A.B. asks: 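Below is the structure I would like to discuss, written out as structure tokens.
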Amino acid sequence: MTASSPPPAAPAPIPVVVAGALGRMGAEVIKAVVAAPDCALVGAIDTTPGHEGEDVGLALGLGELEVALSGDFEGTLCQASQSVRQAGPGGGAVLVDFTHPSVVFEHCRGAFAYGVHPVIGTTGLRPDQLADLARFADKASMGGAVVPNFCVGMVLLQQAAAAAARFYDYAELTELHHNRKADAPSGTCLKTAELMEELGKPFNPPQVEEHESLAGCRGGLRESGLRLHSVRLPGLVAHQEVMFGSPGETYTLRHDTIDRSAYMPGVLLTVRKVRSLGGLVYGLERLL
């Protein structure tokens, strides 16, 4: 009687490094990664004074995780990369970054340099920076993702807005965020406008010669004619509204993020897929 073959070994968990670990989004990501059976937290980067070397789990009230906080970005990436050096195609560590627009470009470049797949949730990257990062990804033959918004509901709103844009010539976009958000308008709002503009049509043909008695009160004007408005207030999380108008009617699309946990399914989806990508992707819809 032939002995049965042993069951195949379970795949190794995905090594994940989180940058901005003590921030509100970073803390949510760490909770999600620790709870995911196919992921393993291997690094936590944060420059908040007084926390260097502290266990990130204890700092966040999650219990001991045996992962020390570090302000050394490159050192943490190097360590994560060396730990999976023999991973081969489809392997390697993943960096999830929710830091600041002023540093995230260099963080993404650094991740590619160390063979770590970047998943960038921070918005504010310029089009020329995105183009540069796409070239870095191609040169390194690595996958990476820049995702302005990880909510599936927001992807659905954007698709609905792009569809509605075929039928309406007048539209304006408003995004509302907490008052600690650094960039305006949000990357999500810009992405929504870009999807609407793929039709190649102009929006909001002028009906009168407008003038602003207070500069900027009509919002930011894009070449397409779309206007984008930004609101920053404490108590808000992340919200977006697209309003279309035509004679006798308005059509409004709105998405509200009530809690940051709403982003985590999209974050984990991206972490699981980024290592198999052939380059840099922009937007969650490219991964669904």
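This is a predicted model, so every value here is computed, not measured. Hydrogens, waters and symmetry mates are skipped; everything else that's a heavy atom, side chains included, is used.
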A.B. asks: I'd like to know if the side chain of His239 reaches the main chain of Val237, judged simply by a donor and an acceptor atom lying under 3.5 Å from each other, with no hydrogens or angles considered.
C.D. replies: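 Flag set: sc His239 to bb Val237 pair under 3.5 Å.
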A.B. asks: Mind checking whether Met243 and Glu172 have side chains closer than 4.5 Å, heavy atoms only?
C.D. replies: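 The answer is no; the side chains never approach within 4.5 Å.
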A.B. asks: Please check if Val94 and Val33 belong to a single hydrophobic cluster, counting links between Ile, Leu, Val, Met, Phe, Trp and Tyr side chain heavy atoms closer than 4.5 Å.
C.D. replies: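 Linked, Val94 and Val33 end up in one cluster.
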A.B. asks: Under 3.5 Å, is there a donor-acceptor pair between the Thr123 and Lys191 side chains?
C.D. replies: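 Their side chains do not contain a donor-acceptor pair, so the 3.5 Å distance test is not met.
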A.B. asks: Which atom names give the shortest non-hydrogen contact between Ser230 and Ala184, and what distance separates them?
C.D. replies: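 In this case the closest contact between Ser230 and Ala184 is OG-CB, 3.8 Å.
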A.B. asks: Do Leu95 and His117 have side-chain heavy atoms sitting under 4.5 Å apart?
C.D. replies: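 A side-chain contact under 4.5 Å is absent here.
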A.B. asks: Should the heavy atoms of other residues, nucleotides or ligands under 6.0 Å from CD of Glu64 be counted, would the total exceed 12?
C.D. replies: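 Enclosed: over 12 neighbouring heavy atoms sit under 6.0 Å from CD of Glu64.
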A.B. asks: CD/Glu175 to CG/Leu236 distance, rounded to the nearest 0.5 angstrom?
C.D. replies: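 One finds 10.0 Å between CD of Glu175 and CG of Leu236.
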A.B. asks: Say whether Leu62 and Val267 are linked into one hydrophobic cluster, either directly or through other cluster members, by side-chain heavy-atom distances under 4.5 angstrom.
C.D. replies: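 Yes; Val267 is reachable from Leu62 via cluster members.
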A.B. asks: With distance as the sole criterion, is a donor-acceptor pair present between the side chains of Thr192 and Gln240 under 3.5 Å?
C.D. replies: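 There is such a pair between these side chains.
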A.B. asks: With rounding to the nearest 0.5 angstrom, report the OH to CE distance, Tyr168 to Met196.
C.D. replies: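 Spacing of OH (Tyr168) from CE (Met196) equals 11.5 Å.
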A.B. asks: Tell me whether Glu74 at atom CD has more than 12 heavy atoms from other residues, nucleotides or ligands lying less than 6.0 Å away.
C.D. replies: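 Atom CD in Glu74 is not crowded, with 12 or fewer foreign heavy atoms closer than 6.0 Å.
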A.B. asks: Would you give the length of the straight line joining atom CG of Leu173 to atom CZ of Arg227, rounded to the nearest 0.5 angstrom?
C.D. replies: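 Going from the CG atom of Leu173 to the CZ atom of Arg227 covers 12.5 Å.
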A.B. asks: Parallel, tilted or perpendicular: which fits the ring planes of Phe105 and Phe136, with parallel below 30° and perpendicular above 60°?
C.D. replies: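 It falls in the tilted class, 30° to 60°.
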A.B. asks: I would like to know whether Leu288 and Leu269 meet side chain to side chain contact (heavy atoms under 4.5 Å, CB included); could you show each step before the answer?
C.D. replies: CA-CA 8 Å; Leu288 294 177; Leu269 169 72; 3.4 Å; yes
A.B. asks: Using every non-hydrogen atom in the two residues, find where Glu197 and Ser224 come nearest and quote the distance to one decimal.
C.D. replies: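 The answer is OE2-OG, 2.6 Å.
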A.B. asks: Might you point out which heavy atoms bring Val116 and Leu77 nearest each other, and give the distance in Å?
C.D. replies: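 Result for this residue pair: CG2-O, 4.0 Å.
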A.B. asks: Okay, side chain of Thr188, backbone of Pro148: is any donor-acceptor separation there less than 3.5 Å?
C.D. replies: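 Yes, Thr188 side chain to Pro148 backbone: donor-acceptor pair under 3.5 Å.
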A.B. asks: Judged by atom type as modelled, is there a donor-acceptor pair below 3.5 Å linking the side chain of Asn149 to the main-chain atoms of Met154?
C.D. replies: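 Checked: no pair found.
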A.B. asks: Measuring only between side-chain heavy atoms, which start at C-beta, is Val146 closer than 4.5 Å to Val104?
C.D. replies: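 No, side chains not in contact.
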A.B. asks: For residues Gln207 and Tyr170, is any side-chain donor paired with an opposing acceptor at under 3.5 Å?
C.D. replies: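 Looking only at side-chain atoms, Tyr170 and Gln207 do form a donor-acceptor pair, the distance falling under 3.5 Å.
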A.B. asks: Search all heavy atoms of Cys151 against all heavy atoms of Thr257 and return the closest pair with its distance.
C.D. replies: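 Of all heavy-atom pairs spanning Cys151 and Thr257, the closest is SG-OG1, 3.8 Å.
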A.B. asks: Counting distance only, does the side-chain N/O of Asn204 pair as donor-acceptor with the main-chain N or O of Gly225 below 3.5 Å?
C.D. replies: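 Yes, Asn204 side chain to Gly225 backbone: donor-acceptor pair under 3.5 Å.
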A.B. asks: Between Asp97 (side chain) and Ile120 (backbone), is there a donor-acceptor pair under 3.5 Å?
C.D. replies: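 Side chain of Asp97 to backbone of Ile120, a donor-acceptor pair under 3.5 Å: no, none is there.
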A.B. asks: Whether the Ser70 and Asp72 side chains hold a donor-acceptor pair (N or O, under 3.5 Å, no angle test) is what I'd like checked.
C.D. replies: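 No, no side-chain donor-acceptor pair sits under 3.5 Å.
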A.B. asks: Do you know which two heavy atoms are closest between Ala171 and Phe244, and how far apart they sit?
C.D. replies: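 Shortest heavy-atom contact: CB-CD2, 3.6 Å.
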A.B. asks: Within the structure provided, determine whether Phe150 and Met25 are in side-chain contact (heavy-atom separation under 4.5 Å).
C.D. replies: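 Phe150 vs Met25: side chains apart.
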A.B. asks: Are the aromatic ring centres of Phe98 and Tyr263 under 6.0 angstrom apart?
C.D. replies: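 Distance test on ring centres: not under 6.0 Å, no.
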A.B. asks: Grouping I, L, V, M, F, W and Y whenever their side-chain heavy atoms are under 4.5 Å apart, do Leu228 and Phe203 come out in a common cluster?
C.D. replies: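 Same cluster: Leu228 reaches Phe203 through Ile, Leu, Val, Met, Phe, Trp or Tyr contacts under 4.5 Å.
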A.B. asks: Under 3.5 Å, is there a donor-acceptor pair between the side chain of Lys181 and the main chain of Ala238?
C.D. replies: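 It does not hold such a pair.
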A.B. asks: With side chain to side chain contact (heavy atoms under 4.5 Å, CB included) as the criterion, how do Thr99 and Phe73 come out once you've worked through the C-alpha distance, each side chain's angles and the decisive distance to 0.1 Å?
C.D. replies: CA-CA 12 Å; Thr99 52; Phe73 181 82; over 6 Å; no
A.B. asks: Checking Thr76 against Gln79: is there a side-chain donor and acceptor pair closer than 3.5 Å?
C.D. replies: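 Absent: no donor and acceptor within the cut-off.
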A.B. asks: To the nearest 0.5 Å, what is the distance between CD on Glu194 and CG on Leu190?
C.D. replies: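 It is 6.0 Å, given to the nearest 0.5 Å.
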A.B. asks: Do Val96 and Leu41 belong together in a cluster built from hydrophobic side chains that touch within less than 4.5 Å?
C.D. replies: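 Yes, because Val96 and Leu41 connect within a single hydrophobic cluster, where side-chain heavy atoms sit under 4.5 Å apart.
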A.B. asks: Mind checking whether Leu65 and Met264 sit in one hydrophobic cluster, side chains of I, L, V, M, F, W, Y counted as touching below 4.5 Å?
C.D. replies: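 Per the 4.5 Å side-chain linkage, Leu65 and Met264 are co-clustered.
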A.B. asks: To the nearest 0.5 Å, how far apart are CZ in Phe167 and CG in Leu199?
C.D. replies: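 Between atom CZ of Phe167 and atom CG of Leu199 there are 9.5 Å.
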A.B. asks: With a 4.5 Å cut-off on side-chain heavy atoms, are Val152 and Pro265 touching?
C.D. replies: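 Side chain of Pro265 against side chain of Val152, heavy atoms only: no contact under 4.5 Å found.
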A.B. asks: Do Leu233 and Leu176 touch side chain to side chain, with heavy atoms closer than 4.5 Å?
C.D. replies: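 Not touching, per the 4.5 Å side-chain cut-off.
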A.B. asks: Taking side chain as C-beta onward, heavy atoms only, is Leu133 less than 4.5 Å from Leu125?
C.D. replies: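 Yes - at least one pair of side-chain heavy atoms lies under 4.5 Å apart.
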A.B. asks: Search all heavy atoms of Gly115 against all heavy atoms of Met142 and return the closest pair with its distance.
C.D. replies: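 Minimum heavy-atom separation between Gly115 and Met142: C-CE, 3.4 Å.
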A.B. asks: Report yes if the side chains of Val56 and Asp46 come closer than 4.5 Å at any heavy-atom pair, otherwise no.
C.D. replies: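 A side-chain contact under 4.5 Å is absent here.
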A.B. asks: Among Thr48, Ile45, Ile30, whose side-chain contact (heavy atoms from CB on, under 4.5 Å) with Leu22 holds?
C.D. replies: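 Answer after filtering Thr48, Ile45, Ile30: Thr48.
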A.B. asks: Does CD belonging to Glu66 count more than 12 external heavy atoms closer than 6.0 Å?
C.D. replies: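 Result for CD/Glu66: open.
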A.B. asks: Any chance you could measure Asp138, atom CG, to Leu280, atom CG, to the nearest 0.5 Å?
C.D. replies: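 Result: 8.5 Å between the selected atoms.
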A.B. asks: Whether the side chain of Arg275 engages the backbone of Gly92 through a donor-acceptor N/O pair (distance < 3.5 Å, no angle test) should be reported.
C.D. replies: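 At least one qualifying donor-acceptor pair exists.
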